[in-house]
Amino acid sequence: IYKPDSFLDNFGNIIGFNPTVIEEVARRLGIDRVEYVEPSFEIIVGGNWQGRWDLSIHSITITEERQNILLFTQPYLYSNASVAIHKNNTNIVDSETDLDRKIIGTCSGCAHQRYLEMDLSLPGVEFLFLIDDADIRPYQGGTTAAYEDLSLGDGARFDAVLAEVESICSQIENGKPIKLIPDKKVMFSDVNGIAFDALALDDATALRDEIDLIISEMHADGTLTKISMEWYGWDRTQPGGFPPACG
């Protein structure tokens, strides 16, 4: 559970961007109650859910591999990747030239690592791989420990961290001695869809198609943008961009 994607309020209720989206989808389907379960991310993307839940709204990146075992709606959310450096760094200014052959921390096995490996492929997305020959330092379980190591000093452990913009901005807000690379380049945008079990005994295609149509409507009528502004303070339903207050 990640705030503001989805998190518990003081009464133990799940709230946030993803719950608000799926509850609006349910309302348009004529369903008056959404029940939440919290399996691990690995179990979700592994497919074969055995009917334990109907769909997953977990900001899941749509990849060609995952499309073999999961059905996806069109993107309803984009996760923009950028680069964090130590606040004292003055050598890394240009994303297209200054990151080549640098030591870069990132999450293990995620889209960010695959981008650095120049092996990332997302449906409908064309990539410009701007970083050549990166010395990649993958971190299990996300980038929290990577930020800690970057905070030790400029070049103490490595040169930069490639991560989601929201994550970087949150670390800056919480006082970490890091900053966005000065040119604030979005390296790439993950496409996130609502997922369904392609291996389900009861074919989920019809439900996916119905919800996909609702997502189209919510894009067109501005509902997704409104929900994004409510929870993030900026529009993450389109690719690119940064939180306006992020330094």
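Throughout, residue positions are numbered sequentially from 1 according to the sequence presented.
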**Asked** Which heavy atom in Thr73 sits nearest to a heavy atom in Ile62, and how many Å separate them?
**Response** O-CD1, 3.6 Å

**Message:** Using side-chain heavy atoms (C-beta onward) and a distance below 4.5 Å, is Asp98 in contact with Asn91?
**Reply:** no

**Prompt:** For Pro177 and His86, which heavy atoms make the closest approach, and how far apart are they?
**Reply:** O-CD2, 3.4 Å

**Prompt:** Are a donor atom and an acceptor atom from the side chains of Asn18 and Asp5 found within less than 3.5 Å of each other?
**Reply:** no

**Asked** Side chains of Val83 and Ser95: closer than 4.5 Å at any heavy-atom pair?
**Response** no

**Request:** Taking atom CG of Asp119 as the centre, report whether more than 12 heavy atoms of other residues, nucleotides or ligands fall under 6.0 Å from it.
**Result:** yes

**Request:** Could you tell me which residues satisfy side-chain hydrogen bond (donor to acceptor under 3.5 Å, both in side chains) with Arg157, sequence neighbours excluded, listed by chain and number?
**Result:** Asp149

**Request:** Using only heavy-atom distances, determine whether the side chains of Ser59 and Arg236 contain a donor-acceptor pair under 3.5 Å.
**Result:** no

**Request:** Using distance alone, with no hydrogens and no angle criterion, decide if Gln113 and Thr106 have a side-chain donor and acceptor under 3.5 Å apart.
**Result:** no

**Message:** Just so I know, are the side chains of Arg28 and Thr223 near enough to count as touching, which here means a heavy-atom distance under 4.5 Å?
**Reply:** yes

**Message:** Applying the ring-ring contact (aromatic ring centres under 6.0 Å, His included) criterion to His58, which one of Trp53, Phe41, Phe72, Phe17 satisfies it?
**Reply:** Phe41

**Item:** Pairwise side-chain contact, Glu38 with Ile14, heavy-atom cut-off 4.5 Å (strictly under)
**Value:** yes

**Asked** Between Asp212 and Arg208, is there a donor-acceptor pair closer than 3.5 Å when you use the side chain of the first and the backbone of the second?
**Response** no

**Request:** Taking Ser79 for its side chain and Glu164 for its backbone only, find out whether a donor-acceptor pair lies under 3.5 Å.
**Result:** no

**Within 6.0 Å of CG in Asp202, more than 12 heavy atoms from elsewhere** = no

**Prompt:** Which atom names give the shortest non-hydrogen contact between Ala84 and Leu150, and what distance separates them?
**Reply:** O-CD2, 3.8 Å

**Message:** I need the minimum non-hydrogen distance between Pro182 and Ile92, along with the two atoms involved.
**Reply:** CD-O, 3.4 Å

**Request:** Would you sort out whether Ile214 and Glu24 count as a side chain to side chain contact (heavy atoms under 4.5 Å, CB included), showing the intermediate values?
**Result:** CA-CA 9 Å; Ile214 291 174; Glu24 175 61 18; over 6 Å; no

**Asked** What pairs of residues pass the salt bridge (Lys or Arg N to Asp or Glu O under 4.0 Å) test when at least one of them lies in residues 49-72, not counting sequence neighbours?
**Response** Glu65-Arg114

**Message:** Could you check whether any side-chain heavy atom of Tyr232 comes within less than 4.5 Å of a side-chain heavy atom of Leu77, counting everything from C-beta outward?
**Reply:** yes

**Side-chain heavy atoms of Ile57 within contact of Tyr36, under 4.5 Å** = no

**Prompt:** Considering only heavy atoms from C-beta outward, does the side chain of Asn192 approach that of Thr61 to under 4.5 Å?
**Reply:** yes

**Request:** Decide if the gap between the ring center of His112 and the ring center of Phe188 is smaller than 6.0 angstrom.
**Result:** yes

**Check against salt bridge (charged side-chain N to carboxylate O under 4.0 Å, His left out), Lys226 and Glu230** = CA-CA 6 Å; Lys226 180 180 178 181; Glu230 174 186 354; over 6 Å; no

**Request:** Answer with yes or no whether the side chains of Thr225 and Asp235 bring together a donor and an acceptor at under 3.5 Å.
**Result:** yes

